[in-house]
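Notes to accompany the following structure.
Everything numeric here is computed off the predicted structure, so don't read it as measured data. Chain A is the first sequence line, chain B the second, and so forth, proteins listed ahead of strands; every chain is numbered from 1. Side-chain atoms are counted along with the backbone in the values below, which use heavy atoms only and exclude waters and symmetry mates.
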Amino acid sequence: MVLPCVESLSLVDHHCHGLLLRDLDRPDFERMLTEADEPGPAGTTLFDSHIGFAVRRWCAPVLDLPRHAAPDVYLARRRELGVEEVNRRFLRAAGIGAFCVDAGYLPEPLTSATELATAGGGTGHDILRLERLAEALAVDILTGQLGVTHFADTVRERVTGASPTTVGLKSVAAYRVGLDLPATRPTDREVAAAVRDWLGLIRRGVPIRLADPVLHAFLIWTGVDAGLPVQIHVGYGDAELDLHRCNPLLLTGLLRALAPTGVPVMLLHCYPYHREAGYLAQVFPTVHLDVGLAVHNVGRRAPALLAEALELAPFSRFLFSTDAFGLAELYLLGARLFRQALSTVLGDGIADGDWTDDDARRVAELIGAGNARRVYRLSEPGRETTAVTSSRSPGRSSGPRVTAPAPATLEDR
Amino acid sequence: MVLPCVESLSLVDHHCHGLLLRDLDRPDFERMLTEADEPGPAGTTLFDSHIGFAVRRWCAPVLDLPRHAAPDVYLARRRELGVEEVNRRFLRAAGIGAFCVDAGYLPEPLTSATELATAGGGTGHDILRLERLAEALAVDILTGQLGVTHFADTVRERVTGASPTTVGLKSVAAYRVGLDLPATRPTDREVAAAVRDWLGLIRRGVPIRLADPVLHAFLIWTGVDAGLPVQIHVGYGDAELDLHRCNPLLLTGLLRALAPTGVPVMLLHCYPYHREAGYLAQVFPTVHLDVGLAVHNVGRRAPALLAEALELAPFSRFLFSTDAFGLAELYLLGARLFRQALSTVLGDGIADGDWTDDDARRVAELIGAGNARRVYRLSEPGRETTAVTSSRSPGRSSGPRVTAPAPATLEDR
Amino acid sequence: MVLPCVESLSLVDHHCHGLLLRDLDRPDFERMLTEADEPGPAGTTLFDSHIGFAVRRWCAPVLDLPRHAAPDVYLARRRELGVEEVNRRFLRAAGIGAFCVDAGYLPEPLTSATELATAGGGTGHDILRLERLAEALAVDILTGQLGVTHFADTVRERVTGASPTTVGLKSVAAYRVGLDLPATRPTDREVAAAVRDWLGLIRRGVPIRLADPVLHAFLIWTGVDAGLPVQIHVGYGDAELDLHRCNPLLLTGLLRALAPTGVPVMLLHCYPYHREAGYLAQVFPTVHLDVGLAVHNVGRRAPALLAEALELAPFSRFLFSTDAFGLAELYLLGARLFRQALSTVLGDGIADGDWTDDDARRVAELIGAGNARRVYRLSEPGRETTAVTSSRSPGRSSGPRVTAPAPATLEDR
């Protein structure tokens, strides 16, 4: 049912996370399944949802169970196999050839980019979370290792000098202050003033957690200046987020100012603002988008979602991602449901004579892998790559110190 | 065509209103049909709309007319049968087993919860409109029967001591100030200050109509403290409403603050923000939603609407409602189109192998009745119930004085 | 596949623009194709998009090429035929019987309403852009030909005395200040003060470009007072626009204030706020909408879009438009995709028994032509018409001077 040209794609997951390394009981599994922090009212279960049904439909067979196995049966089998085997099976089944991993959210130890790549049979690449870098420098200032006036230059050095395994950057401004960021490039003077204000807050006991529109904008500009694609969290996220402040249209002024640089800006997730994001991708040549996270959460509605997101977005500006986090099921579901969705969208067009097989094949390759390879400058699979990487790779030691989990950022991913 | 498990559901209508008790001419019928106050430009008719076509398709046969009968034929037959018979027929045909009735909007006499229940063959339950309660107390203050400083306590007493037929509360803050309500619980001092300001306005000639974010928030907190589910009007309404201030995401801060109480919050209508409401239902375990009012207005588009609303919402957090008001046709259409929609959504999933017959049956029962019975603590049909009620029941006399229509609230429902 | 009653419609295009008069190379063609200013990143093409595929699918055969011809082949053939022949072919094939042309955006010479009508075999009508009128008067004030205090009266005279070929007015407030316009009618005093402020800006070197909420609102009121339908740009546009300020719900207060006049207000484009616009059309009897511009951009998604826009909008309040600009392909695509969409929406309803053939026929005629003829008071085709017109018609000379391109308004259309 899935078009062969889609089924055979070795996907590039341009935005994802590590996996949990422990076995889970049912409440923990439900807690990890969606963006909810808790399973819900007594007598109800999050398995009664699109994603819950999708787990039973698509994941159960990977664990040798019949389709639609009951949740308790599923979880018992999951524990029986053990997390390592479970992770391995789902990663293999997902058919992802490259993982661009944001390891900036680590409430507990998770698999690294290398480990994902090894288990999944692909390559791993790092995405550097900009706020983590800034927060690490705030600590350096507080401990007297860095002067406030050197903050801006040090950020620039760290970004420019990021390990060669770093293929992109990421901003979680959405979680901290929303997306109504200044449209003009902050001056170094404004940056220093904002850092001073921030340090003042920290010294008065506020946790080390960047939440300043000027500094978020500065970080994005710094990434763009370094020529690295900048991912921006948009829309859908957990209960810590104010979704109405995460409409990508709030970024319009900033995107307009960034456009002349030609550096790609990647709008992540986007739901329920995926049409708005598609519009931005049409009018600004640097803007790209995905609907990761939403795809696996909406289950069999993924084709409807993808169809909407692609209404205005040029097909060279749309990317695949899972935004999988913690549960290996999310890799399988993200990839499986995306293939179903892409196949439906492309196949319906072929059936109606609106485009040719060749067109569909080319678009499938662009969306599934080619656009990401172009944006992040990844090698073709099978060719030499410099990016097989690990968060423990030697190059990393000279990079920003972002491997330790920071309690203050526990809520974002 | 409708799945048997959906067709046979005895629905719980968790948000509805009374019916008109007089016969209608065509302009009046058109005026009651949609959220428009007037039939529209000369030479046009509101029968040329989704809801108009749905009336001719689904309601005409209930009045012994052929499908698609012309509007004038339909209205002649309606008058011929008389409003009582028309109301009885549509209520019986709707298959609703329980009615949760908001009688807080009474521009003219309407049927009570008991009368609806009697005509429809089910049970009736009351929803107390919080703003009506506050407005009644404002009158008491103005007439010297209540001191300003006792306002907060009296609201709490009235809510806690509401008649046992009262199963839930309702806020129409959306109509008055929009949904950007304070996220923190107002103190009694703030409440008293707000009441004083409000009374000052009334004494200067402003109609008695609560419109103060602090007081709307206070009322919602009071309901939650009493452990009663609080319905909040969201989105779609008539021309008096500023729809862009009725986005449920504006409630995010308040919903976050309310979540630890565990008390259900019911987002009503939600269109066109039903995806946003579904997101809130996913991330906050206390949040529930419906797409009442929209379902009958969008006619054959109801399946599309329901599918969108259920993308993220856990199936245990979605409810049926008609929001029928005035015209008995709206009960029939609300129920009929909802059954069609639910059947389409569930049946398509079965057909594609995405869930089982049993899953569909369970979800149908949750959405059609079970979720409402859980939230409002209604008895199972056939078992003993304390809730067969009437707005004239004895318990009512000690409850809040909310039966008289208040001109100042004519615009909200 | 398209219903005969839709295929045979002689459409009224109630909002469109002139066509380029020169041949185009591929980058120029891609630049004109969507709302993007540039073709996009190296190695990508805007032909890989819904609209690009639609050009190859629907336009290639009109130029005697096979469906799905490659872009370079298509552009070579286009140049071979020459722009005049290309324009003639697409206009004929579009089946548009009347063109309501906004000639207020002229970055270079474009065909006039008469020329479009002649080439397309229909009638041409003029839409007067209100901001151009105001900007022409600002020049008159600056050159001493008009006193500031006469601005308001002169606007009123020019609008009331517009050439008989002028059937409607248009506001591009969306492009200048967004749609959060004052709800109350500005007084002449407020208008004069705003004009003074504006002239002060111009004298300090700011380009002559109206961007003042009071003046945009004044212009709209002036049009409504003159009894002429006022078109308002809503939603979707190019990179100069801040889309989040173009939500039609921001107009709610103004629309409420305008409703008693009974004068039609036409919400143009609306995407992605077409559901919101449909809601406004339901609750305010004067509000109409279209989804022009979006229809040809979303290609085969047009039926989905139309279905959403019509959920709440009464069918007598929805209109066809292309918003074609520059490329004749956009007339063909706008009309073709609209017919497909309308046919799908109406045909599916017939197939499901939700309405009759006669209903579908009546609605098709309303949406395709009848509503526009009613609103703009156009004659029936085949009957006498006073509106066969030209932007060079004698009546024009006494009208507002709006024919010359003004650099300051280059970004809006």
Could you look at [X] and say if it's the side chain, the backbone, both or neither that has a heavy atom under 4.5 Å from chain B?
X      : value
A/Y271 : side chain
A/L241 : both
A/Q340 : neither
A/L243 : both
A/A70  : neither

Go through A/G52, A/G40, A/P39, A/G237 and name the one with the most non-hydrogen pairs under 4.5 angstrom from chain B. A/G237
Among A/M1, A/E38, A/R56, which residue forms the greatest number of heavy-atom pairs with chain B at distances under 4.5 Å? A/R56
With under 30° as parallel and over 60° as perpendicular, where do the rings of B/F338 and B/F318 fit, or are they tilted in between? parallel
B/F315 and A/H50 aromatic ring geometry - parallel, tilted or perpendicular at 30°/60° bounds: perpendicular
Note: [X]-[Y] ion pair, threshold 4.0 Å (strictly below):
X      : Y      : result
B/R256 : A/E240 : no
A/R31  : A/D37  : no
A/R275 : A/E311 : yes
A/E7   : A/R336 : yes

Heavy-atom pairs under 4.5 Å with chain A: which of [options] has the most?
options                        : result
B/P285, B/S316, B/G353         : B/G353
B/N247, B/L280, B/D352, B/D358 : B/D352
B/T356, B/T252, B/L312         : B/L312
B/L310, B/D348, B/T286, B/L366 : B/D348

Quick check: do B/I127 and B/Q231 have side-chain heavy atoms less than 4.5 Å from each other? yes
Got a donor-acceptor contact below 3.5 angstrom from the A/D242 side chain to the A/H244 backbone? no
